[in-house]
Peer 1: 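Let me begin by handing over the structure; questions about it come next.
Letters A, B, ... are given to chains in the order of the sequence lines, protein chains preceding strands, and every chain is numbered from 1.
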There are 2 protein chains.
Amino acid sequence: MAVPSSPSIETFSPAASPLFLREDEVRRGVELLFFGYTRLTRSVDELLVEHGFGRAHHRALYFIARQPDLPVSALLKILSITKQSLGRVLNDLAAKGLVETKAGEVDRRQKLLRLTEEGAAFEAQLFEALRTGLSAAYAAAGQESVTGFWRVLEGLIPEDERQMVMNLQGRGR
Amino acid sequence: MAVPSSPSIETFSPAASPLFLREDEVRRGVELLFFGYTRLTRSVDELLVEHGFGRAHHRALYFIARQPDLPVSALLKILSITKQSLGRVLNDLAAKGLVETKAGEVDRRQKLLRLTEEGAAFEAQLFEALRTGLSAAYAAAGQESVTGFWRVLEGLIPEDERQMVMNLQGRGR
DNA sequence: AAGATACGTCAATATGGCTGTCCCATCTTC
DNA sequence: GAAGATGGGACAGCCATATTGACGTATCTT
């Protein structure tokens, strides 16, 4: 299917058309992303199932841990899901005592989300699984590779959303 | 929650404990993976919805395109889902004339999967969306970064599965 | 006072996983 | 050639997670 891989194609100077890279390089990235991402999250999934939760619960826990006192609307933007979907998840987490809310002080319509002590402990446990996997990959690849890893992934995020992601990481740019 | 970010922690020589990296670096990777992966697949998702398919259909199409005459069992291993789940997807694809099967020649119990012409055309269209996104990110990051990107992702895949992924890419090693 | 906003909730629907069970055709082994 | 293992398919039912649309309430803004 299109662009057969040829050992000599590189002599066509890849830099000439950087936006139309060899199919193989793109497929490689797609596949590594797919397998890498799913394998990283596998250990987390197992922990979640043991506690009767799913991935959606983890995502909520994760970002609430990351930004305590996050209003619901902000979490909705981060997750790009509907109010209804998030509602169910938050109700589950609140029912198990992992998340609590308080009214916003400046705007009392807002509910600010934060983890309870149990919630924080659970999130930390889940995070440990992520750390174990990613740390090993980072260490095996080396710091330079990690930088490249970040750079490419940043490039996958559309301009208008990149700022939001960077803000999470305390990198106002 | 563990390991507060301190500006001076780097003076503890990060190479000393490469398996226990700073929390921030791990969280950064997790977040970039999450947002990068979902944003890359967004454009594909839209195309799929227009045609009445979901992500599961794309995954099947993708790997069948990648390895024509793939037996069902091989696809099951790649996708790590159950026979029943895959069965539904393959029936959908066959019903719409995108996938066809033939009996294996060495083992006639096998059904070898391949795309029809329409299937190949559709897969190519979906792939273009991936290429557009990834190529731009590759180009913006530069070849060195791309290598690092690959290296880290490879490290996320457990030893015993890495070979399978490499085989997809015609890299018997 | 009117309207917009933040949040919640009810109801219905779709997707894509899962388990368990049973079946058939074919290959392998003895 | 019979017994068992394997590749594939199918039925039934369940669960998690997402969707849309409609509506309600409290609070903020104008």
Peer 1: Honestly, is B:Lys96 close enough over B:Phe122, meaning NZ or CZ under 6.0 Å from the six-membered ring centre and within 45° of the axis?
Peer 2: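 The answer is no; the distance or angle limit is not met.
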
Peer 1: Would you check if there is a donor-acceptor pair between the side chains of B:Ser135 and A:Arg22 at a distance under 3.5 Å?
Peer 2: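 B:Ser135 and A:Arg22 do not have a side-chain donor-acceptor pair below 3.5 Å.
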
Peer 1: I want to confirm an ordering. Mapping B:Gln84 and A:Gly54 to their closest nucleotides on DNA chain D, which one lands closer to the 5' end?
Peer 2: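 Comparing both residues, the 5'-ward one is B:Gln84.
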
Peer 1: Between A:Ala56 and B:Leu112, which has a closest nucleotide on DNA chain D that is more 5'?
Peer 2: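 In this pair, the answer is B:Leu112.
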
Peer 1: Establish, with yes or no, whether the OP1 or OP2 oxygen of C:dC18 is under 4.0 angstrom from a side-chain nitrogen or oxygen of B:Ser85.
Peer 2: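 Yes, B:Ser85 has a side-chain N/O under 4.0 Å of OP1/OP2 on C:dC18.
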
Peer 1: Given the ring of A:Phe34, does B:Arg59 sit roughly above its face, with NZ or CZ under 6.0 Å from the centre of the six-membered ring and within 45° of the axis?
Peer 2: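 No - B:Arg59 does not lie over the ring of A:Phe34 by the 6.0 Å and 45° rule.
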
Peer 1: Just checking B:Arg55: base, sugar-phosphate only, or nothing, at a heavy-atom cut-off of under 4.0 Å?
Peer 2: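 Sugar-phosphate, no base atom in range.
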
Peer 1: So for A:Arg109 and C:dG8, does any side-chain atom that can act as donor or acceptor lie under 3.5 Å from a complementary atom in the base?
Peer 2: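 No, the side chain and the base share no sub-3.5 Å donor-acceptor pair.
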
Peer 1: Does B:Gly87 reach a base, just sugar-phosphate, or nothing at all? Heavy atoms under 4.0 Å.
Peer 2: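 Contact class for B:Gly87: none.
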
Peer 1: Under 4.0 Å, counting only non-hydrogen atoms across every strand here, what does B:Ser73 touch: a base, just sugar-phosphate, or nothing?
Peer 2: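 Sugar-phosphate contact only - B:Ser73 comes under 4.0 Å of backbone atoms but never of a base.
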
Peer 1: Let me test you: for the helix from C:dA1-D:dT30 to C:dC30-D:dG1, what is the angle between the axes at its two ends (five pairs each), rounded to 10 degrees?
Peer 2: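 Taking five pairs per end, the axes differ by 30°.
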
Peer 1: Measure from NZ or CZ of B:Arg27 to the centre of the six-membered ring of A:Tyr62, then state whether that distance is under 6.0 Å and the direction lies within 45° of the axis.
Peer 2: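 Pair B:Arg27/A:Tyr62 counts as cation-pi.
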
